[in-house]
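Encoded as C-alpha cells, the structure appears first; notes follow it.
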There are 2 protein chains.
Amino acid sequence: MKLTGYELADPHQLDATFAALADPTRRAILTRLAAGEATVRELAAPFSMSQPAISKHLKVLERAGLISRGRQAQRRPCRLRAEPLRVATDWLANYRDFWEESYQRLDQLLGEVQRQQAAEIERPGGNHE
Amino acid sequence: MKLTGYELADPHQLDATFAALADPTRRAILTRLAAGEATVRELAAPFSMSQPAISKHLKVLERAGLISRGRQAQRRPCRLRAEPLRVATDWLANYRDFWEESYQRLDQLLGEVQRQQAAEIERPGGNHE
DNA sequence: TGGATAGAAAACCAGAAGGTTATGAAACTA
DNA sequence: TAGTTTCATAACCTTCTGGTTTTCTATCCA
C-alpha cells in the first residue's frame, strides 16, 4: 500500500481523460484508432449516429489529448495519442495492491470485527454488504 | 498490439466506473478510503462542500460498485471496493503496448521529419499536431 | 466552371450532473 | 423525555452532455 494521499498528475488531465473514457462510443473510437489512423467518416461508419455527433465526440477526445488530427485533402485523419491513458493507468495503479490483496484484507478485517464484537459491549456492528 | 476490437467487460460497468472517476472529489474520496474505512462525516471534512453533496458523490461511487456501506449506530462507514478499478485497468491495459511504443514511434517520426526537412524545400502534408 | 465529398460550426433541445438549502429519520446522550 | 449527531431525501437551480437538423467551408473531380 504505497498511496500518497495526493494526486500526482494534473487533476484536470485526469478529469478530462476519465470523462472521455466514460462514453462507450468514444471508447470504441479509441479501440478502432489503436488499429491505425482513420478518417471521421470511417470512424462514424459503425455507429447509427449523425456525423456531427461523431465530430463532437472527436472534439472531446482531442481536448483530452487522446487523439490528434492531421489533414489530407478534405479528410482529417485521426490518430491515437495514448499518453493520457498511461497517466490514467498510473493513477489506477495506486490501487493495484489494494484489489490484489482485497480478499486477504477482507479476511483480516472480518477477523478483527468478530474479535471486537466478541469482546465489546457495543452491539450492532458494520454489516457491510 | 493485442486489441480485440471488442470490449470484454460490461460496457455499463466501464461507463459507471470511468464516470465516477472523472470527478476529483470522488477520486480524493477513493484515495482516502484506500487508507481504510471512513464515515461520511470524515470523508466530507476535507472539502468545502455541503454534506448532501458528499452524500451524492458517495451514491455515485456506490452505484459504480466502488464503495460499499456498512452501519454502525448512526454512522454509515464506507469501504473501498477496488474490483471495478481492476476492470478499468484491464481495459486500459489493452493500450499499454501502444503507449509504450509511442516514444519509439515518436522518435522514428521525428527522425523521418528531420530527414525530410533537410532534403526538401517545402511540401505541405500530414501535419499531425 | 459546377457539382460531389468530407468535415466543422451553429442553433436548438432534453436530460443528466453537481451544487445548494431545507427537512426528515435513526440512533446515541443527558 | 428532549436534544444532538449522523446521514439521507426532497426540491430547486445552473451548467454540462449528447444528440439532432441545418448550414457553411474546403477540397477533389469531371
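We name chains A, B, ... by the order of the sequence lines, and we start the count at 1 in each one.
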Would you check, one step at a time, whether the test side chain to side chain contact (heavy atoms under 4.5 Å, CB included) holds for Leu21(B) with Trp91(A)? CA-CA 10 Å; Leu21(B) 295 177; Trp91(A) 188 88; 3.8 Å; yes
Dump the pairs, protein N or O against N or O of nucleotides 14-16 of chain D, anything under 3.5 Å, distances to one decimal.
none

Would you mind telling me which of Arg71(B), Arg79(B), Arg81(B) makes a salt bridge (Lys or Arg N to Asp or Glu O under 4.0 Å) with Glu37(B)? Arg79(B)
Respond yes when some side-chain nitrogen or oxygen of Ser55(A) is under 4.0 Å from OP1 or OP2 of dA8(C), and no when none is. yes
List the steps and the verdict of side chain to side chain contact (heavy atoms under 4.5 Å, CB included) for Glu62(A) and Leu58(A). CA-CA 6 Å; Glu62(A) 189 176 30; Leu58(A) 292 176; over 6 Å; no
Take atom CG of Leu58(B) and atom P of dT6(D), then tell me their distance rounded to the nearest Å. 15 Å
Tell me the interatomic distance from Gln72(B), atom CD, to dC7(D), atom C1', rounded to whole angstroms. 14 Å
Specify the separation, in whole Å, of atom CZ of Phe47(B) and atom P of dC7(D). 15 Å
Kindly give the heavy-atom pair with the smallest separation between Thr25(A) and Met49(A), and that separation in Å. OG1-CE, 3.6 Å
If only side-chain N and O atoms of Arg75(B) are considered, is one of them under 4.0 Å from the OP1 or OP2 phosphate oxygen of dC28(C)? no
Give the rounded distance in Å between these two atoms: CG of Leu21(A) and P of dT17(D). 14 Å
So, does Lys59(A) get its side chain near the phosphate of dA9(C), meaning an N or O under 4.0 Å from OP1 or OP2? yes
Measure the distance from CD1 on Ile54(B) to C1' on dT9(D) and round it to the nearest whole Å. 16 Å
Euclidean distance, atom CD of residue Glu37(B) to atom C1' of dC7(D) [Å, nearest integer]: 16 Å
On a heavy-atom basis, which atom in Tyr95(A) and which in Arg27(B) lie closest, and how many Å separate them? OH-O, 4.0 Å
List the residues meeting side-chain hydrogen bond (donor to acceptor under 3.5 Å, both in side chains) with Gln51(B), not counting sequence neighbours, and say none if there are none. Ser55(B)
Tell me, for nucleotides 16-27 of chain C in 5' to 3' order, what letter each nucleotide earns: B for a base near a protein heavy atom under 4.0 Å, S for only sugar-phosphate near one, - for neither? --BBBBB----B
Counting only N and O atoms by type, is there a donor-acceptor contact under 3.5 Å from the side chain of Arg26(A) to the main-chain atoms of Ala20(A)? yes
Taking Thr39(A)'s backbone N and O only, do any of them form a donor-acceptor pair with Glu42(A)'s side chain (distance below 3.5 Å, no angle check)? yes
For the pair Leu14(A) and Val87(A), evaluate side chain to side chain contact (heavy atoms under 4.5 Å, CB included) and give the outcome as yes or no after the intermediate values. CA-CA 8 Å; Leu14(A) 283 174; Val87(A) 175; 4.0 Å; yes
